[in-house]
Amino acid sequence: MTAMEESQRGRWGSKVAFIFAAAGSAIGLGNIWRFPMAVGQNGGAVFVLVYLIAVALIGFTVMLAELSIGRRGQKNPVGAIEHIKPRSPWKVIGYLGIFGAVCLLSFYSVVAGWAVGYLVKTASGAFRGEITGQLTDRVFTEFSANPWQVLFYFIIIICITTYVISKGVKGGIERWTKILMPMLFVLIVFLAIRALTLPGAEAGISFYLKPDFSKLNGTVILYALGQAFFSLSLGMGTMLTYGSYIPKSDNLVSSAGWVCFSDTLIAFLAGIIIFPTLFAIPGIEPTAGESLVFKVFPLIFSKIPGGLIFGVLFFLLLTVAALTSTISLLEVPVAYFVDERNWSRKKAAWIVGSLAFILGIPSAFSTGAVPFLTNLNFIGNMNFVFGNLWLAVGSLLICLFVGFVWKVKNAAEEIYSGNPRFKLRPLWSFSVKFLTPIVIILILIFIKDMVS
Ligand code: PHE
């Protein structure tokens, strides 16, 4: 690739810039909205335990696989695989990822829109005075059933995402993440401390951290694995695409490690906020699902002096965290159309952004606005199919491709650049070739019996 081409594709400004951008993709609604919801619905602490194991053994493996394909291929998922293995059917990994990214973006942006709506609600004083679980329950039900409101905030998210992507990688993504991600972290630590000191917090802590192994079953494992892929942005070519912007001198292993660590830390802390609060202030069930965190966060703000300001700040930062993820989702199809079809960035961004908007409409109307879609639990099913299954299949194919087609030896070659020792190679090799594929295949085989 010529220097000219290199500069057109864009590069991260530095190693830290990549880690921030990748962590920006990983950290989002997955950590703060989806993780506590999955914990609440899957038996609490036992889910947390399986999740941590899944991140360390499987998530890290897939992330390193994606980064090495991306950096070797120097392209979007389809182009990168074509570069490594010309004219092979494995390109399907890229197409599946591109399609999945648009579908995931569609419902994800709806939920991100809820965060914007809650920002406005909190600022306008909807949660002042003594707040109860019954009240936050009612506020959410009314909010999410109002089609115009939901649609309005959903459009805002899609437009900001599309605008940032149309401006390109460096100017767009880097600038957002560097300041705002650390701010989110500080705020979350603060809220976690407050939640832990609420009277009655113990029941929540034990639900969250004391595993009850009688609740362990296949469904818990499936959801924990799916959540690991979702939260780490794996299985759909996002990390692969971001990897293509990493300089050859960077250490892919430590970069992957940092992204996994920071993402898991934020999710873990989100749980520390949600569960003690939930048990200390009655009215909401841990199994509340999609609405859980929107009903619980306003409760904790009512227990803090100056809660209004903290509430506004929280929903603002949550919106930004969600945006750094939507941006990474839109980047996958846009990189494809720019690299492979010679579209301009602007055209690709607006066309794909509009498509995600249209696809998202049924999700937007499925939380009370349209009874038919609500009964179908449209948004919940999108979340299950594209947030769990699609990512699991994508991750499986990525591991098989690296393990048996490109071969670990060649992938390791790419990893040596920037990390000449690569001490984890034997373990990673075992996990890419056997452990991860076998676990995913078993889960997929038994899936019929799990989802009833
Ligand atoms: N990881 C993001 C989150 O946790 C969501 C995401 C999934 C982004 C897959 C890109 C690809 O919110």
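Everything numeric in this text was worked out from a predicted model, so none of it was measured. Side chains are part of it too, since the values below use all heavy atoms of this structure and drop only hydrogens, waters and symmetry mates. Note that ligands are numbered from 1 as they come in the structure, with each ligand's atoms numbered from 1 the same way.
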Discussion item. Assess, by modelled atom type and distance only, whether the side chains of Asn410 and Arg72 contain a donor and an acceptor separated by less than 3.5 Å.
Written reply: no
Worksheet item: Mind checking whether Trp33 has a heavy atom under 4.0 Å from ligand 1?
Response: no
Worksheet entry | Under-4.0 Å salt bridge between Lys295 and Glu290 | no
Worksheet item: How does Tyr108 reach ligand 1, if at all, at less than 4.0 Å between non-hydrogen atoms: by side chain, backbone, both, or neither?
Response: side chain
Worksheet item: Polar-atom distance check: Leu234 versus ligand 1, any N or O pair below 3.5 Å?
Response: no
Fill in: Identity and separation of the nearest protein heavy atom to atom 2 (C) of ligand 1
Ser25 O, 3.2 Å
Practice prompt. Name the orientation class of the two ring planes belonging to Phe314 and Phe301 (parallel below 30°, tilted from 30 to 60°, perpendicular beyond 60°).
Written response: tilted
Worksheet item: Polar-atom distance check: Leu329 versus ligand 1, any N or O pair below 3.5 Å?
Response: no
Discussion item. Out of all atoms in ligand 1, which are within 4.0 Å of some heavy atom of Thr238? Include the element for each.
Written reply: 10 (C), 11 (C)
Discussion item. What I want to know is whether Met236 and ligand 1 share at least one N or O pair that is separated by under 3.5 angstrom.
Written reply: no
Worksheet item: Counting both backbone and side chain atoms, is some N or O of Asp263 under 3.5 Å from an N or O of ligand 1?
Response: no
Discussion item. Please check: side-chain N/O of Ser328 versus main-chain N/O of Ser25, any donor-acceptor pairing under 3.5 Å?
Written reply: no
Worksheet item: What orientation do Tyr51 and Phe47 show, parallel under 30°, tilted 30 to 60°, or perpendicular over 60°?
Response: parallel
Discussion item. Between ligand 1 and Ile27, is the shortest N or O to N or O distance under 3.5 Å?
Written reply: no
Worksheet item: Which part of Ser328 is near ligand 1, with near meaning a heavy atom under 4.0 Å away: side chain, backbone, both or neither?
Response: side chain
Worksheet item: Looking only at protein heavy atoms, which one is nearest to atom 9 (C) of ligand 1, and how far off is it?
Response: Ser233 CA, 3.5 Å
Worksheet item: Crowded around Phe404 CZ? As in, over 12 foreign heavy atoms under 6.0 Å?
Response: yes
Practice prompt. Measure the CD1-CG distance between Ile415 and Leu64 for me, rounded to the nearest 0.5 Å.
Written response: 4.0 Å
Item to complete: May I ask you to identify the nearest protein heavy atom to atom 1 (N) of ligand 1, giving residue, atom name and distance to one decimal place in Å?
Response: Phe230 O, 2.7 Å
Worksheet entry | Numbered atoms of ligand 1 (with element) below 4.0 Å of Ala26, judged on heavy atoms | 1 (N), 2 (C), 3 (C), 4 (O), 12 (O)
Worksheet entry | Proximity of Phe384 and Tyr223 rings by center, below 6.0 Å | yes
Worksheet item: Using the ring of each side chain (for Trp, its six-membered ring), is Tyr118 parallel, tilted or perpendicular to Phe140, with breaks at 30° and 60°?
Response: tilted
